[in-house]
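Working notes, beginning with the structure itself.
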Amino acid sequence: MKKVIAINGSPRRNGNTAELLQQALKGAQESGAEIELINLYSLNFKGCISCFYCKRKDKAHGTCAMKDDLTPIIERIKEADALIMGVPVYFMNLSSGMSAFIERLLFSNYIYSNEIPTVFPKSLPNAFIYTMNMTEEDVKQFGMREKFAVHEGFAGKILRAETKNLYAYNTTQFSDYDKYESSIIDPQAKAAYREEMFPRQCTAAYELGKSILAD
Ligand SMILES: Cc1cc2nc3c(=O)[nH]c(=O)nc-3n(C[C@H](O)[C@H](O)[C@H](O)COP(=O)(O)O)c2cc1C
């Protein structure tokens, strides 16, 4: 049976990112795959420590020397058939947990070779699902898609497969906006957007999960 692994790069286990990942996994499961959801923030791990062990000529390329909670997960990802990464946008970037995860997974399989820069053992279809407070217009204005195309490009090259993406804009941060200082946000407009758009974003995530093994 094929396996799809989803990585929740948000510390919130029941937030927007988790919910969209669950939808994507539901789609994958209904297309016949075995599924696994990993909450990054419940793991004890660090980002790459730049030891370059993974690139030494006298060692097996593609092996990360760091031993922590991410070690068995990287091994499971090498055996999986697709990978879906859920990313809350923090300060116009990936959350630090997701950034550290990507460093570990991608850099350990990347070599400084003119020929084939990857030692990843297979073609692994992969996708990023981003969630953010920003609107679609903000994303355009700040060139976020162009910025995120950089790590997506590395993922595609190193994991030897197409990298898909899905953007969920204008997400809800808390259930009651009156309880928090949030005067830049119009809670009614936010609620109306969520009511209309979040179900569509969930459907898009479901479809992504359903199709990720199909290509
Ligand atoms: C530390 C931090 C920084 C954030 N920075 C941004 C940002 O730069 N742009 C943005 O659109 N949203 C930002 N947000 C909002 C989150 O991206 C948004 O609420 C996201 O949907 C949270 O996902 P979750 O519900 O899965 O945790 C930030 C949130 C936090 C906690």
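One-based numbering, in listed order, for ligands and for the atoms of each.
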Element-labelled atoms of ligand 1 that are located less than 4.0 Å from some non-hydrogen atom of Arg12 = 24 (P), 25 (O), 27 (O)

note = Paired with Asn16, the side-chain hydrogen bond (donor to acceptor under 3.5 Å, both in side chains) test is passed by just one of Gln173, Arg194, Gln201, namely Arg194

key: Check: Glu103 side chain, Cys48 main-chain N or O, donor-acceptor pair, under 3.5 Å   = yes

Rounded distance (nearest 0.5 Å) linking atom CG of Leu124 with atom CZ of Arg160 = 11.5 Å

query = If we only count N/O pairs under 3.5 Å, is Asn16 in contact with ligand 1?
reply = yes

inquiry  = Please report whether the ring centroid of Phe148 lies less than 6.0 Å from that of Phe128.
reply    = no

key: Min N/O separation Met134 to ligand 1 under 3.5 Å   = yes

ask   = Among Leu83, Leu70, Asn126, which one satisfies side-chain contact (heavy atoms from CB on, under 4.5 Å) with Ile77?
value = Leu83

query = Between Gln173 and ligand 1, which part of the residue brings a heavy atom under 4.0 Å of the ligand: side chain, backbone, both or neither?
reply = side chain

query = Is it true that Lys210 and Glu207 have a side-chain N and a carboxylate O under 4.0 angstrom from each other?
reply = no

note = Note: ligand 1 atoms sitting under 4.0 Å from heavy atoms of Gly15 are 25 (O), 26 (O)

ask   = Looking only at protein heavy atoms, which one is nearest to atom 5 (N) of ligand 1, and how far off is it?
value = Phe91 N, 2.9 Å

query = Quick one: does Pro88 get an N or O within less than 3.5 Å of an N or O on ligand 1?
reply = no

ask   = Can Lys157 be said to sit on top of Phe120's aromatic six-ring, NZ or CZ under 6.0 Å from centre and within 45° of the ring axis?
value = no

key: Check: Thr171 N/O within less than 3.5 Å of ligand 1 N/O   = yes

inquiry  = So, taking the atom named CZ in Phe142 and the one named CE in Met134, what distance separates them when rounded to the nearest 0.5 Å?
reply    = 7.5 Å

query = Which residue owns the protein heavy atom closest to atom 6 (C) of ligand 1, what's the atom, and how far is it?
reply = Val89 O, 3.2 Å

message = Please list the nearest protein heavy atom to atom 20 (C) of ligand 1 with its residue and the distance rounded to 0.1 Å.
response = Thr131 OG1, 3.2 Å

task = Would you mind listing which atoms of ligand 1 come within a distance below 4.0 Å of any non-hydrogen atom of Ser10?
result = 24 (P), 26 (O), 27 (O)

query = If only atom types and distance count, is the side chain of Asn8 paired as donor or acceptor with the main-chain N or O of Ser10 below 3.5 Å?
reply = yes

note = Closest to atom 2 (C) of ligand 1 among protein heavy atoms sits Tyr90 CD2, 3.5 Å

ask   = Which atoms of ligand 1 are found less than 4.0 Å from any heavy atom of Met92?
value = 7 (C), 8 (O), 9 (N)

task = Write out the residue and atom name of the closest protein heavy atom to atom 10 (C) of ligand 1, then the distance separating them to 0.1 Å.
result = Asn133 N, 3.6 Å

message = Can you see whether Phe45 has Arg104 sitting over its ring - NZ or CZ less than 6.0 Å from the centre and within 45° of the normal?
response = no

remark   = Quick look: Thr17 vs ligand 1, heavy-atom contacts under 4.0 Å, and the answer is both

